[in-house]
Amino acid sequence: MTSHAIEIRGLTFSYEALGFELSIPHLSIPEGKHVAIVGPSGCGKTTLAYLIAGIHVPSGGNVEIGGRSVTDMTDEARRNFRISHIGFIFQEFELLEYLRVEENIVLPYLVNASLGLDKAVYERARSLAESVGIGDKLHRYPGELSQGEKQRLAICRALITDPRIIMADEPTGNLDAGNTDAIMELIRNQARRRDATFVMITHEHNLLDRFDHVIDLAKDGRRDTV
Amino acid sequence: MTRLLLLTWRYMAFNKIKSAIMVVCLTITLFLPIAVHVMIRHYEDDLMARAERTPLIVGAKGNRYDLVLKSLYFTSENPESITMAEGNAVSDSGRAKAIPLHICFTARQRPIVGTSLDYFEFRGLDVVAGTLPLQLGDVVLGHDVARTLNLGVGDTILTDQTSLYDIGAVYPLKMHITGVLAAAGSPDDHAVFVDIKTAWIIEGIGHGHIDLTKTSDDAVILSRKDGEVVGNAAMVEYTEITAANITSFHFHGSMDDFPVTSVIVLPDSAKSATVLKGRYSMSPTEQMLVPLRVIEELMGIVFQVKRFFDANFALICLATLLFMSLVVMLSLRIRKREMETMFRIGCSRLTVFRLQVEELCIVLLISLAIAGVLSGLLLWYAPQLVSVM
């Protein structure tokens with residue numbers, strides 16, 4: 001029997017002020033699969049990603065990650081669970097400009113005391129940076145990096161905790177075609193190497209053939225089961 | 001270094017200018033009231049100490065503050081002068097010692113204090129080089145005057161011209177420096193001392209010139225009659241007192257009538273002081289003052305002004321507080337996205353808040369440390385600073 005990395009049941013969420021409502025009766029993503037979530041702007045792709053990651057809490061229903069209900073956790077438990085199980089890559093990179101590359105990579109360890117920070121973490125950060133091609137820029141600031149390098153740095157930060165799930169919210173949205181390809185392959189390879197589940201939100205349909213499954217929120221994604 | 005402290009420190013180091021502005025603002029806010037308090041306290045101590053050591057002063061009726069400030073600190077406007085007879089009257093009373101002071105002129109912008117040798121003993125002033133002014137034309141420099149003008153024993157110093165456009169005015173007198181006083185940490189360090197007779201010569205009451213009864217130069221003679229010789233305007237008065245011409249210096253009139261700024265009175269007992277004060281209380285032209293009372297009165301005004309300063313500082317503190325709040329609010333707005341990223345990664349809202357608090361605490365600690373060091377330095381150098389002021 002296939003075990004599910006992510007399982008959603010009867011999920012509802014709304015932004016009352018915006019009149020927005022998201023409803024996912026059932027959605028499950030098996031472990032190790034690469035899944036794309038697509039849909040037009042405003043259909044709730046990012047919201048769904050945030051619900052899965054436990055950044056948002058649903059108003060109804062349940063989100064399970066690796067068999068554990070994220071919805072039922074306390075705020076602190078949810079944060080600690082997220083930081084150690086889910087690596088998030090943002091569209092705008094969201095790097096801290098005042099930290100060097102190396103410190104940006106270990107940021108999850110700097111902001112959450114539940115993760116033990118030791119030399120091994122810095123060693124892993126250096127190794128990750130090497131593997132994505134920014135090993136020689138560890139002491140630079142994000143402002144001194146190109147767009148592609150910034151996204152590689154953001155990927156390193158998402159992977160530093162060795163998460164079981166890698167989530168990416170339009171990670172190639174700010175990149176040119178060459179960089180898009182490279183970054184896509186980089187994330188997929190890293191996910192494959194870790195046997196991690198990869199969930200990516202995108203509106204770039206030319207990338208979809210690289211995924212095991214595609215959930216189209218606009219069409220029938222709200223009831224979809226992979 | 002803890003993780004959050006590292007983050008805070010990195011943020012502050014990256015935003016150096018913002019951090020520096022916050023530190024400077026807080027440091028000034030913390031240090032200024034301390035500095036004003038320390039300086040006023042030292043200034044008060046300095047003023048009071050000198051006033052306490054000066055029991056009584058006799059001078060012309062008029063502004064009490066001018067008289068005391070001039071007599072003790074050689075500052076302020078020249079008060080009306082009195083005659084030397086007043087000093088002599090005090091001495092002749094047998095109840096006190098009188099030290100005349102003539103403080104009307106300057107030499108290279110430093111006050112010239114014409115007095116007697118008793119003044120040096122009374123103020124406990126010793127020379128570190130040379131001797132006290134023993135004869136006409138001798139001058140002794142206060143320690144700071146000698147240091148700042150780079151003058152010493154054997155050098156000369158000219159009195160300043162009182163009126164540049166009065167061709168009839170007395171010429172500046174070239175005086176010989178015979179001594180330099182040891183540092184006293186008082187206004188004496190900033191003054192130039194001469195014998196009171198030299199002061200009168202500077203004023204033009206005494207002068208020296210060629211002996212008209214012996215000169216063969218008729219161009220300087222206005223008239224000769226019955227052995228009495230009158231010189232004319234062509235006769236040149238000496239502008240320097242030397243060993244060769246010192247005997248030609250003389251005064252016209254009685255010394256009792258010569259002016260002095262004031263007379264320091266050193267009564268031999270409290271009773272004598274009371275008697276002397278009683279005498280002068282009825283004088284229509286002179287007054288006898290207790291400098292301590294006058295300075296206390298003056299400090300009362302200073303402290304009243306300080307209250308305004310205190311109110312001003314309270315407003316500055318409030319303004320700084322508001323400024324800091326504004327900086328923090330703007331900083332929070334600018335950093336909102338960064339804080340949101342931290343939260344999305346897995347940082348608690350409380351931790352995000354702690355980052356802000358830590359930043360403020362570090363700024364406050366640095367400001368406190370700098371203000372502390374500055375206050376320490378100020379305490380150390382306050383006596384010198386007050387004496388310079």
Side-chain angles (χ1 to χ4, degrees), chain A residues 46 49-56 73-118 121-122 139 141-144 154 157-158 160-161 163 167 169, chain B residues 1-26 324-367:
Chain A
T46 300
Y50 282 12
L51 285 163
I52 292 170
I55 296 169
H56 290 339
M73 291 177 182
T74 62
D75 285 348
E76 189 186 354
R78 196 180 302 117
R79 271 197 311 274
N80 293 343
F81 183 82
R82 175 165 75 246
I83 207 162
S84 53
H85 288 79
I86 301 170
F88 216 110
I89 302 164
F90 304 97
Q91 182 181 358
E92 302 283 345
F93 319 135
E94 310 294 350
L95 303 169
L96 302 198
E97 57 168 6
Y98 55 87
L99 294 182
R100 295 174 198 280
V101 165
E102 187 179 40
E103 291 158 343
N104 259 297
I105 296 174
V106 300
L107 184 63
Y109 289 83
L110 293 176
V111 298
N112 193 309
S114 70
L115 301 176
L117 178 63
D118 53 23
V121 175
Y122 280 99
H139 298 290
Y141 288 100
E144 299 166 338
R157 185 181 64 190
I160 188 68
T161 55
M167 301 208 63
D169 185 2
Chain B
M1 198 182 283
T2 67
R3 303 173 197 191
L4 289 185
L5 211 55
L6 173 77
L7 279 177
T8 310
W9 185 249
R10 284 280 190 268
Y11 176 79
M12 290 180 68
F14 191 81
N15 297 282
K16 289 184 193 75
I17 294 174
K18 178 197 153 196
S19 305
I21 288 172
M22 287 173 79
V23 166
V24 168
C25 283
L26 265 181
M324 297 290 283
S325 310
L326 181 71
V327 170
V328 171
M329 278 194 295
L330 289 175
S331 179
L332 279 173
R333 187 175 289 185
I334 291 168
R335 299 180 71 182
K336 193 177 175 188
R337 189 163 169 175
E338 169 200 332
M339 299 301 171
E340 198 55 39
T341 301
M342 284 194 191
F343 173 71
R344 284 186 210 152
I345 287 172
C347 176
S348 70
R349 299 269 185 210
L350 182 68
T351 307
V352 170
F353 175 73
R354 270 185 59 198
L355 276 170
Q356 294 286 330
V357 173
E358 271 188 18
E359 186 192 337
L360 278 178
C361 287
I362 289 174
V363 167
L364 188 65
L365 280 175
I366 294 172
S367 304

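Naming: A, B, ... by sequence-line order, numbering from 1 per chain.
- Heavy atoms only, all atoms of each residue included: A:Pro163 and A:Gly87 are closest at CB-N, 3.4 Å.
- One distance of note links CG of B:Leu350 with CG of B:Leu355; it measures 10.0 Å at 0.5 Å rounding.
- Of the residues considered (B:Ile345, B:Val352, B:Leu4), B:Ile345 shows the highest number of contacts with chain A, using heavy-atom pairs under 4.5 Å.
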Give each N or O donor-acceptor pair spanning chain B and chain A at a distance under 3.5 Å, with atom names and distance to 0.1 Å, or state none.
residue, atom, partner, partner atom, Å
B:Arg3, NH1, A:Tyr109, O, 2.6
B:Arg3, NH1, A:Asn112, O, 3.1
B:Arg3, NH1, A:Leu115, O, 2.7
B:Arg3, NH2, A:Leu115, O, 2.9
B:Arg10, NE, A:Glu103, OE1, 3.0
B:Arg10, NE, A:Glu103, OE2, 2.7
B:Arg10, NH2, A:Glu103, OE2, 2.6
B:Arg335, NH2, A:Tyr98, OH, 3.3
B:Arg337, NE, A:Glu94, OE1, 3.1
B:Arg337, NE, A:Glu94, OE2, 3.3
B:Arg337, NH2, A:Glu94, OE2, 3.0
B:Glu338, OE2, A:Tyr98, OH, 2.5
B:Thr341, OG1, A:Glu94, OE1, 3.1
B:Phe343, O, A:Arg82, NH2, 2.8
B:Arg344, O, A:Arg82, NE, 2.8
B:Arg344, NE, A:Tyr50, OH, 3.2
B:Arg344, NH1, A:Tyr50, OH, 3.1
B:Gly346, O, A:Asn112, ND2, 2.7

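- For the side-chain contact (heavy atoms from CB on, under 4.5 Å) test, residues two or more places apart in sequence or in another chain that qualify with B:Val24 are B:Ile28.
- Taking CD1 of A:Ile83 as the reference point, atom SG of B:Cys347 lies at 7.5 Å (rounded to 0.5 Å).
- Judged as a side-chain contact (heavy atoms from CB on, under 4.5 Å), and not counting sequence neighbours, B:Ile334 has no contacts.
- A:Leu107 touches chain B through its side chain: at least one heavy atom from C-beta onward sits under 4.5 Å away, while N, CA, C and O do not.
- Judged as a side-chain contact (heavy atoms from CB on, under 4.5 Å), and not counting sequence neighbours, B:Leu365 has no contacts.
- Interatomic distance, CD1 of B:Ile366 versus SG of B:Cys361, reported as 11.5 Å (0.5 Å rounding).
- Crowding of B:Ile17 atom CD1: a count of heavy atoms from other residues, nucleotides or ligands under 6.0 Å not exceeding 12.
- Only the side chain of A:Leu96 comes within contact range of chain B, with heavy atoms under 4.5 Å apart.
- The part of A:Leu99 that comes within reach of chain B is its side chain, from C-beta onward, which places non-hydrogen atoms under 4.5 angstrom from that chain.
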